[in-house]
Amino acid sequence: MSDSQTVSAAVAKLYNTYPFPPEPLLDEPPPGYNWRWNWLAAYNFCTGQKPQKQDIRILDAGCGTGVGTEYLVHLNPAASVVGIDLSTKALEVAKERCQRSGANRVEFHHLSLYDVEQLPGEFDFINCVGVLHHLSDPIRGIQALAKKLAPGGLMHIFVYGELGRWEIQLMQKAIALLQGDKRGDYRDGVQVGRQIFAALPDNNRIVKRERERWSLENQRDENFADMYVHPQEIDYNIETLFELIDASGLDFVGFSNPGFWQLDRLLGKAPELMERAQKLGDCPRGSGKANRASYRLIELLDPEVTHYEFFLSCPPLPKADWSADDAMLAAIPERNPCIDGFPSQCVFNYDYQIVNLSPLELEFLQKCDGQSTVGGILAGLQLGLDAVRVLLKQQLILLTPS
Ligand SMILES: C[S@@+](CC[C@H](N)C(=O)[O-])C[C@H]1O[C@@H](n2cnc3c(N)ncnc32)[C@H](O)[C@@H]1O
């Protein structure tokens, strides 16, 4: 067996023992949304406009028990979805999950990321969450996926960060040492891990981190095993992350948690430092050398980074420019499908942040019927174009160019 086959077999065994994630199965669509799995919201985030087509093909690479896959189906009613995974047990749960909630535009395949070329055609949207860092060769994995991404398509990736997972790594190594010959017996690993936590003093650093950050989810053995007893994990920092991204041959579009990557949240009180940092590059978008240095500075100063989540694109990806008033007035606005609590002056935006709307902003949003232009709606309202630009910046609306 090659190294990658040995790793894949060990990873499949882990997830056959503990299919992940262990979320319960429902007889209805899952509650709420994650905008990263909504093609309209994700595309708008990446390009500043509504995508031209919605009957897209989506790949959920390393779909596990199908929690994300199920959302991908329900949140994208015109899309067809394919889920692949190494673990047969996880796939069984994924199929049942989707069947029970009526997510029927989906097919599943027992297939490694490395062999994704066996699937016919290309995909417009590839979701790969929590998977690449479990491959023996993540670069080979991301390159295989990149070949399946259609031009103008988007890939959403989530991989672990080393700085915020330091205590986890220590615990993983400690469990492995104590397991000795029993390494690879994942139930034994969970038992050993739980015994260690029970024995360590309360003020121990690893215990404190577990309590503060992870213990709620780790009540379930599936989560505990995924975190502490994994046979294969590569954690990234900004430098190694961009080595992976560069090797993919795709373009970095931006982090999908841009709020974290704002330096002013850390150094905003020190204008002199902000000025020095400005020379490094402007965050949160962009992937040039200067931006990478900014990102690195942020993670060095806030080493909470447990993961990186970001979008890549296969060029060309058209980006909208709404600076000209004429273009804006002629565009057709729609409400972002990821808004909760509408119609109300107080809504949750795509990222579940509360937004308070003025009465006129609310009226504008109510008049977005998918046919009227911005100019047409504004003609009957005491609202200026700048206010519409604010709605656009907040991603409460998506625009289609005329
Ligand atoms: C942590 S789970 C993530 C599941 C899902 N993406 C989610 O976020 O809910 C990792 C999944 O990746 C799968 N996996 C790991 N290596 C893989 C590979 N080479 N090819 C396909 N799937 C793989 C595992 O079997 C497991 O189900």
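Remember, it's 1-based here, ligands and their atoms both numbered in the order they're listed.
- The protein heavy-atom contact nearest to atom 19 (N) of ligand 1 is Ser112 OG, 3.3 Å.
- Across every non-hydrogen atom of Ile238 and Arg292, the tightest pair is CG2-O, 3.7 Å.
- If you check each of Asp85, Val129, Val7 against atom 27 (O) of ligand 1, the one with the closest non-hydrogen atom is Asp85.
- In Leu111, the part holding a heavy atom less than 4.0 Å from any atom of ligand 1 is the backbone.
- Geometrically, Arg194 engages Phe224 in a cation-pi contact defined by less than 6.0 Å to the ring centre and at most 45° from the axis.
- Ligand 1 has at least one atom lying under 4.0 Å from a heavy atom of Pro21.
- A salt bridge is absent between Arg57 and Asp124; no separation between the charged side-chain nitrogens and carboxylate oxygens falls under 4.0 Å.
- For Leu113, a nitrogen or oxygen atom sits less than 3.5 Å from a nitrogen or oxygen atom of ligand 1, counting backbone and side chain alike.
- Contact annotation: for Asp226 versus ligand 1, heavy atoms closer than 4.0 Å belong to the side chain alone.
- Considering only non-hydrogen protein atoms, atom 2 (S) of ligand 1 sits nearest to Phe20 CD2, 3.7 Å.
- Given atom 15 (C) of ligand 1, the protein heavy atom at minimum distance is Val11 CG1, 3.6 Å.
- With atom 22 (N) of ligand 1 as the reference point, the heavy atom nearest to it among Val116, Thr88, Leu86 is part of Leu86.
- Dense packing is recorded around CZ of Arg220, with more than 12 heavy atoms of other residues, nucleotides or ligands lying under 6.0 Å away.
- Closest to atom 14 (N) of ligand 1 among all protein heavy atoms lies Val131 CG1, 3.8 Å.
- Between Tyr295 and Phe255, the ring centre distance stays below 6.0 Å.
- Arg187 forms a cation-pi arrangement with Tyr18, by the criterion of a distance under 6.0 Å to the ring centre and an angle within 45° of the ring axis.
- Among Gly62, Gly130, Gly68, the residue whose heavy atom sits closest to atom 5 (C) of ligand 1 is Gly62.
- Using a 3.5 Å distance cut-off with no hydrogens or angles, the side chains of His230 and Gln232 do not pair a donor with an acceptor.
- Remark: Arg265 is positioned above the aromatic ring of Phe260, its terminal NZ or CZ atom under 6.0 angstrom from the ring centre and at most 45 degrees off the axis.
- Under 4.0 Å from ligand 1, not a single heavy atom of Ala61 appears.
- Ligand 1 lies out of reach of Val67, whose nearest heavy atom is not under 4.0 Å from it.
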